[in-house]
Amino acid sequence: VKMKLIQGIATAVAVIVVIIIVNSYLFDFSPFSPFKVNIQTPHKKFESYLQHMTTNQLKFYSVYEKWLPICGVENKIMNRGDSYGIHRNETFRKTPWSMSSIEIQYFINSSLFQPKCNTLSEALLSISLPPIEHTCFLPWMSSEDINRIMRKYSYIILNGDSVTRQLINGLFMLYTKNWYQGGFPSMIEYSNTTQSYCACDGQFGEAEICRIFTNDMFSKDASKPNGMNVNFTFSNNPVHTIYFRGIINETLFCHIDDNRPVLVYLQAGTHYKTNSSRVIQFYLDPSIQYLQDLIQICNNHLEKEQKPLLQLGKNIKVIFSGVPAVSNDIAIKYPHQGMISALRYNMEMTSYIQKKYPFIVYLNLWNLTKVSISRSSDGFHKLSDYNTMASVSLLNVMDLL
């Protein structure tokens, strides 16, 4: 045990030193003040240094370098404008850009020290741990990687609450390589006020004008051979499943003429008072039952066509994600969202899923939310760093399923 502890500490120290050196070299970071960056004049050797980066580093830093002069200077988050959350006395506040956080830097630079996560079990274990404790590195995702992974599925359904909505915004950021406003692909259509306040980390502010959601990001690609059919939906109440039932395209779900699997991502908890019994009764069980009913309908057609039948866990992949960590201020105001309640909820849901639905992959992002909570728009919702790391984690799981 002592030896493992010593090895873990030594690895962590070594990676932190490399992160400091890399950032000092690239952007004249002060080792003790990582957000104080000479942003206007990035290090003159940056381009030559890119040539010596690992592929994983290059995917991140080539985009990071582009947006640092903008988001590193003018990063602000608008107050959500209601009684929930913290920072309620400010119209907006300026804050260090979360994409420069030590956690995301470790997430990227751990590829220098650790092997790649090559199996689903390896990836799930690393995802469940804080970035500094990862046992293997999760490859960062470029738009080309996202294209490749999403095309592995004939139909993708992502269903959840605002946590999923923001994870989707993080996915859009990666896909567009636009870390300024790429979370909102149609931002050009919105007002100047929205464009001004909902940029950089402000994309994840919960002010009403920043709660922008689009469901047509990949629609132009859907009609192409092996195109992406993606359906993003979210809801905040116990009739969640009724809404869920109404959005699935049964023709796409059955994929009679497409042998690729279907992916269903489910996420819930906070709007059910972090109560596992309520989530099971009103969301998870009815959702799985609906999928089973739909599979039976599809299989009746597939059997007549003499084509492979659908089966949960085989060609219908299901992922479930639990509740996040919140700030102490939010936990005091809403005790059911606090650490004890959230950890109990995640443990109960994990146990229930393992016993009743072993085909469901449980995506445990708790520790990732915990290390990201100090950078939050309202004490609950996370910023660019968390939402891009969470979407990268999900994409890695999708790639290995």
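The shown structure was predicted, so the numbers you read here are calculated from the model rather than taken from an experiment.
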Got a salt bridge between K116 and E122, using NZ or NE/NH1/NH2 to carboxylate O under 4.0 Å?
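Answer for the salt bridge query: no.
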- May I ask you to decide whether E103 forms a salt bridge with R375, counting only side-chain N to carboxylate O separations under 4.0 Å? yes
For [X] and [Y], I'd like to know if the aromatic rings sit close, meaning centre-to-centre distance below 6.0 Å.
X    : Y    : result
W179 : F60  : yes
Y61  : W140 : no
Y106 : H134 : no

Counting heavy atoms not belonging to [X], are there more than 12 under 6.0 Å from its [atom1]?
X    : atom1 : answer
K307 : NZ    : yes
N300 : CG    : yes
E303 : CD    : no
K152 : NZ    : yes
I340 : CD1   : no

Taking atom [atom1] of [X] and atom [atom2] of [Y], what is their separation to the nearest 0.5 Å?
X    : Y    : atom1 : atom2 : answer
Y272 : Y283 : OH    : OH    : 7.0 Å
F204 : S384 : CZ    : OG    : 4.5 Å
L363 : S128 : CG    : OG    : 9.5 Å
F380 : Q166 : CZ    : CD    : 9.0 Å
L266 : S321 : CG    : OG    : 10.0 Å
N169 : T388 : CG    : OG1   : 11.5 Å

Give the minimum heavy-atom separation between [X] and [Y], together with the two atoms involved.
X    : Y    : result
T164 : G160 : OG1-CA, 3.5 Å
P308 : L302 : O-CD1, 3.5 Å
S391 : L174 : OG-CD1, 3.3 Å
W366 : A342 : CZ3-CB, 3.4 Å
L138 : N56  : O-OD1, 4.2 Å
V73  : P69  : CG2-O, 3.3 Å

*asked:* side chain to side chain contact (heavy atoms under 4.5 Å, CB included), that's the test. Do I108 and Y64 meet it? Break it down for me.
replied: CA-CA 12 Å; I108 299 301; Y64 176 77; over 6 Å; no
May I ask you to decide if [Y]'s main-chain N or O and [X]'s side chain share a donor-acceptor pair within less than 3.5 Å?
X    : Y    : answer
N396 : P139 : yes
T274 : H336 : yes
N75  : T95  : yes
T176 : F172 : yes
N299 : L310 : yes
S101 : S98  : yes
S341 : Q337 : no
E74  : C71  : no
Q203 : G183 : yes

**Request:** Begin with the C-alpha distance, continue with both residues' side-chain angles, and end with the deciding distance and a verdict on salt bridge (Lys or Arg N to Asp or Glu O under 4.0 Å) for R80 and E208.
**Result:** CA-CA 7 Å; R80 58 182 291 148; E208 193 66 36; over 6 Å; no
Item checked: Verdict with reasoning, K59 to D145, per salt bridge (Lys or Arg N to Asp or Glu O under 4.0 Å) -> CA-CA 10 Å; K59 288 177 183 178; D145 294 324; 2.7 Å; yes
Any non-hydrogen side-chain atom of [X] less than 4.5 Å from a side-chain atom of [Y]?
X    : Y    : value
Q292 : Q289 : yes
R260 : R151 : yes
Y175 : N147 : yes
I288 : L291 : yes
L312 : Y357 : no
V264 : Y155 : no
V63  : N178 : no
C298 : F253 : yes

Do you see a donor-acceptor pair shorter than 3.5 Å between the side chains of [X] and [Y]?
X    : Y    : answer
Q267 : D161 : yes
H381 : S162 : yes
Y362 : N346 : yes

Open item on the list: Tell me every residue that passes salt bridge (Lys or Arg N to Asp or Glu O under 4.0 Å) with K317, counting only those two or more places apart in sequence or in another chain.
Closed with: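 K317: no salt bridge (Lys or Arg N to Asp or Glu O under 4.0 Å) contacts found.
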Review point. Residues two or more places apart in sequence or in another chain: which of them pass side chain to side chain contact (heavy atoms under 4.5 Å, CB included) with T135?
Key: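 Partners of T135 by the side chain to side chain contact (heavy atoms under 4.5 Å, CB included) criterion, ordered by chain and then number, come out as L125, S126, L129.
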>> For a side chain to side chain contact (heavy atoms under 4.5 Å, CB included) check, start with the C-alpha distance between L383 and I77, then their side-chain angles and the critical distance, and finish with the verdict.
In response: CA-CA 10 Å; L383 303 179; I77 303 170; 3.7 Å; yes
TODO: Evaluate side chain to side chain contact (heavy atoms under 4.5 Å, CB included) for I156 paired with M150, printing each intermediate quantity in order.
DONE: CA-CA 8 Å; I156 298 172; M150 297 185 79; 3.8 Å; yes
Tested for side chain to side chain contact (heavy atoms under 4.5 Å, CB included) against Y265, the lone hit among I168, V397, V318, L394 is L394
Test side chain to side chain contact (heavy atoms under 4.5 Å, CB included) applied to N315 and Y153, step by step
CA-CA 9 Å; N315 45 16; Y153 298 89; over 6 Å; no
Here the salt bridge (charged side-chain N to carboxylate O under 4.0 Å, His left out) pairs for residues 343-362, sequence neighbours left out, are D285-K356
task = Show your working on salt bridge (Lys or Arg N to Asp or Glu O under 4.0 Å) between D399 and R148 and close with a plain yes or no.
result = CA-CA 9 Å; D399 197 21; R148 175 183 61 80; 3.0 Å; yes
